[in-house]
There are 2 protein chains.
Amino acid sequence: MSLTVVGSIAFDSVRTPFGERERMLGGSAVHFALSARLFTDVHVVGPVGDDFSQEHIELLSERGIDVSGIERVPGGETFVWRGHYEYDLNVAHTDETRLNVFGEFEPKLSDASRSAETLFLANIQPDLQRRVRGQCEGARLAALDSMNLWIETARDSLVAAIGEVDCLILNDAEVRQLTEEANLARAAAAAMEMGPRVIVAKQGEYGSAMFTEDGFFALPGFPLEDVRDPTGAGDSFAGGFLGYLDGQGVIGPGGAGEVDHQTLRLAMAHGTVLASFNVEDFGTERIARLGRDEIDQRLRELQAMTAFG
Amino acid sequence: MSLTVVGSIAFDSVRTPFGERERMLGGSAVHFALSARLFTDVHVVGPVGDDFSQEHIELLSERGIDVSGIERVPGGETFVWRGHYEYDLNVAHTDETRLNVFGEFEPKLSDASRSAETLFLANIQPDLQRRVRGQCEGARLAALDSMNLWIETARDSLVAAIGEVDCLILNDAEVRQLTEEANLARAAAAAMEMGPRVIVAKQGEYGSAMFTEDGFFALPGFPLEDVRDPTGAGDSFAGGFLGYLDGQGVIGPGGAGEVDHQTLRLAMAHGTVLASFNVEDFGTERIARLGRDEIDQRLRELQAMTAFG
């Protein structure tokens with residue numbers, strides 16, 4: 001089994017009430033890959049500039065991530081995001097976004113990346129997502145994230161992109177905005193009409209909800225007294241969710257075919273746990289040093305926190 | 001076992017995108033009692049005016065609620081609340097509040113009300129809550145709700161009132177505001193330092209979270225495609241939660257003593273289910289016609305929606 005992620009590779013500068021970091025390794029593809037690699041083989045695809053060092057590459061490759069799809073653009077600069085969080089960490093304020101090499105990015109996937117059984121289209125321009133989707137005909141499970149910007153400026157493209165994936169992973173406010181339905185259950189049903197058979201609504205500290213034709217499932221966020229930096233939590237969630245699914249081997253050509261609802265629930269739990277580790281420290285610091293034993297321990301705790309009757 | 005609730009008895013005028021109602025029976029004590037009566041004997045205490053009809057009294061008494069603590073103030077008018085909800089039902093807009101007879105209310109509890117094993121101090125001025133608490137020395141489990149107004153205008157009284165109860169039931173934003181802690185886990189720990197051993201944070205459509213010394217528990221809101229009027233959801237939750245606990249008979253003098261964590265979790269599930277029925281129709285309409293079989297059915301569904309592994 002293997003998993004390809006296409007998305008941003010970035011330098012993040014972040015300020016929270018608990019500290020400040022300049023030009024940390026970040027971006028949706030990076031946060032996703034560092035989570036997913038704990039469960040399966042990951043190919044990461046995205047552009048970087050001359051300022052992206054060997055050290056950054058090694059942070060990924062030393063953790064078993066296939067970095068051959070990271071395309072270095074000569075004379076270019078890596079994508080930059082600068083933001084801050086107030087005392088209430090639930091709201092991110094973006095202070096600066098510079099697309100840099102990402103503005104001209106035209107993905108050409110390697111054979112290995114194209115043949116992955118699972119594909120994650122992280123939050124990038126939806127026409128770009130469609131072109132990547134078109135190159136990955138072998139993918140048995142394709143998932144997509146997006147954001148309010150594309151709902152507002154490229155809605156038709158986004159709806160077409162959503163129609164080409166099996167699973168939509170969005171913030172719950174974005175599911176509502178996309179479908180113009182204030183009620184989340186109705187919004188999820190409307191999103192399913194666009195094509196995907198699995199809708200995952202991320203709800204920040206409140207956790208996440210999943211809608212499928214088999215029904216509804218929800219998990220709270222893992223309660224933490226120390227949250228240092230929420231950046232990348234959503235992508236870490238997606239990495240845990242899809243990484244676990246791909247690692248289970250049920251979705252590839254040699255697998256058992258359809259993903260059952262119980263496996264999807266366990267994938268939600270893995271996503272929840274990975275997101276919770278991600279926010280415990282700045283950038284990728286916590287997930288980069290994370291091991292399977294810590295994940296399994298927290299999974300058991302999450303299960304104990306949600307069982308009743 | 002029996003349960004006393006002290007709180008508002010009101011006429012609510014509500015407008016939502018799904019309709020409009022004038023002067024419905026409402027108020028925190030009413031919503032609470034109509035939920036709790038499905039599990040145990042309930043005494044409701046609060047003032048009404050001359051405009052409160054026999055028909056309103058009977059809506060409660062015909063459902064087994066002890067209405068002898070409803071005090072009619074000659075020449076007075078019943079508490080009035082008028083509000084509306086926008087397309088997004090998560091935010092209530094208050095258009096009018098007239099305390100009327102509630103402004104002068106000084107509760108004098110009957111022997112039956114005083115001797116209840118469980119006491120719910122619904123959202124009223126905290127000094128009033130303390131005077132009621134003082135009259136109910138026999139209560140083995142006392143719980144309290146409040147609101148941002150009292151945190152802002154009567155904080156010392158509120159903290160003293162909280163120090164005299166076993167269980168605090170607040171919206172999560174209010175737990176944060178009360179303790180000046182942005183992180184909910186830390187806020188709950190700080191609230192527990194004030195005295196209560198159980199903190200329940202209501203989270204609207206996201207569900208609810210419970211903090212005790214035994215740990216954390218959370219449930220999502222029950223997913224509904226048709227929500228008509230959210231008014232009273234929090235009090236219906238509290239009624240299901242405390243009504244179930246009292247009905248289990250574990251907290252009274254003849255019971256097994258301490259409430260265990262598993263029973264508290266089941267109480268959270270009952271609260272969740274009662275809140276979900278409450279919002280399906282205007283005012284008390286849905287809960288007034290609710291039966292135990294519907295509750296048990298939805299409880300099983302909630303359990304199926306939250307189990308994994």
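Remember, it's a predicted structure, so these values are computed and weren't measured experimentally.
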Chemist: For the interface with chain B, which of L219(A), L266(A), L299(A) has the highest count of heavy-atom pairs at distances below 4.5 Å?
Modeler: L266(A)

Chemist: Once rounded to the nearest 0.5 Å, what's the spacing between atom CE of M210(B) and atom CE of M305(A)?
Modeler: 11.5 Å

Chemist: Hey, is CD on E213(B) packed in by over 12 heavy atoms from elsewhere, all under 6.0 Å?
Modeler: no

Chemist: Non-hydrogen atoms of chain B under 4.5 Å away: do they reach the side chain of L224(A), the backbone, both or neither?
Modeler: backbone

Chemist: Return the option, out of Q203(B), E86(B), M268(B), with the maximum number of heavy-atom pairs under 4.5 Å with chain A.
Modeler: Q203(B)

Chemist: For A189(B), is it the side chain, the backbone, both or neither that has a heavy atom under 4.5 Å from a heavy atom of chain A?
Modeler: side chain

Chemist: Is the ring pair F217(B)/F308(A) parallel, tilted or perpendicular, if the boundaries are 30 and 60 degrees?
Modeler: perpendicular

Chemist: How about CD on E193(A), more than 12 heavy atoms from neighbouring residues, nucleotides or ligands closer than 6.0 Å, or not?
Modeler: no

Chemist: Go through A209(B), A304(B), A187(B) and name the one with the most non-hydrogen pairs under 4.5 angstrom from chain A.
Modeler: A304(B)

Chemist: Out of V227(B), L184(B), D226(B), which one racks up the most heavy-atom pairs below 4.5 Å with chain A?
Modeler: D226(B)

Chemist: Please state whether the side chain, the backbone, both or neither of Y206(B) comes within less than 4.5 Å of a heavy atom of chain A.
Modeler: side chain

Chemist: In Å and rounded to the nearest 0.5 Å, what is the CD to CD distance from E225(B) to E181(A)?
Modeler: 8.5 Å

